[in-house]
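Small disclaimer: the values here were computed from a predicted structure and weren't measured. Just follow the structure's listing: the first ligand is 1, and inside any ligand the first atom is 1.
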Amino acid sequence: MHRWTVHLETASGAPVDSATMVVDGGMPQHGHGLPTKPRVTRELGNGDHLVEGMKFNMGGWWVVKFRVNATAGSDSLVFNLKL
Ligand SMILES: [Cu+2]
């Protein structure tokens, strides 16, 4: 089980502390999602957010998605992990 620190900032580089973040993901080639429900458990300050519950229970191609809502705006990101 991993803990990730996710850093959020505006396009101009200002740290974003107060935000809701939804974590999603899965393995496109296997048709399944994450085996856990990761979530933000703590705001660490200076734009850093602690995400607990990240788990990758097999090797292969994973896609991880974050959806962010804050007063500064909404954004999302998707990236690949090859494990
Ligand atoms: Cu799989």
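Proximity of E52 to L50: side-chain heavy atoms (C-beta onward) are separated by under 4.5 Å at one or more points.
Across all their heavy atoms, N46 and H7 have their closest contact at O-CE1, 3.0 Å.
Of all N, O or S atoms in H30, the one lying closest to the Cu ion (ligand 1) is ND1.
Partners of V78 according to the side chain to side chain contact (heavy atoms under 4.5 Å, CB included) rule, which considers only residues two or more places apart in sequence or in another chain, are V63, K65.
Not a single N/O/S atom of Q29, whether from backbone or side chain, sits less than 2.8 Å from the Cu ion (ligand 1). Here M58 meets the criterion, with an N, O or S atom under 2.8 Å of the Cu ion (ligand 1).
Ring centroid separation for the pair H30 and W62 does not come in under the 6.0 Å cut-off.
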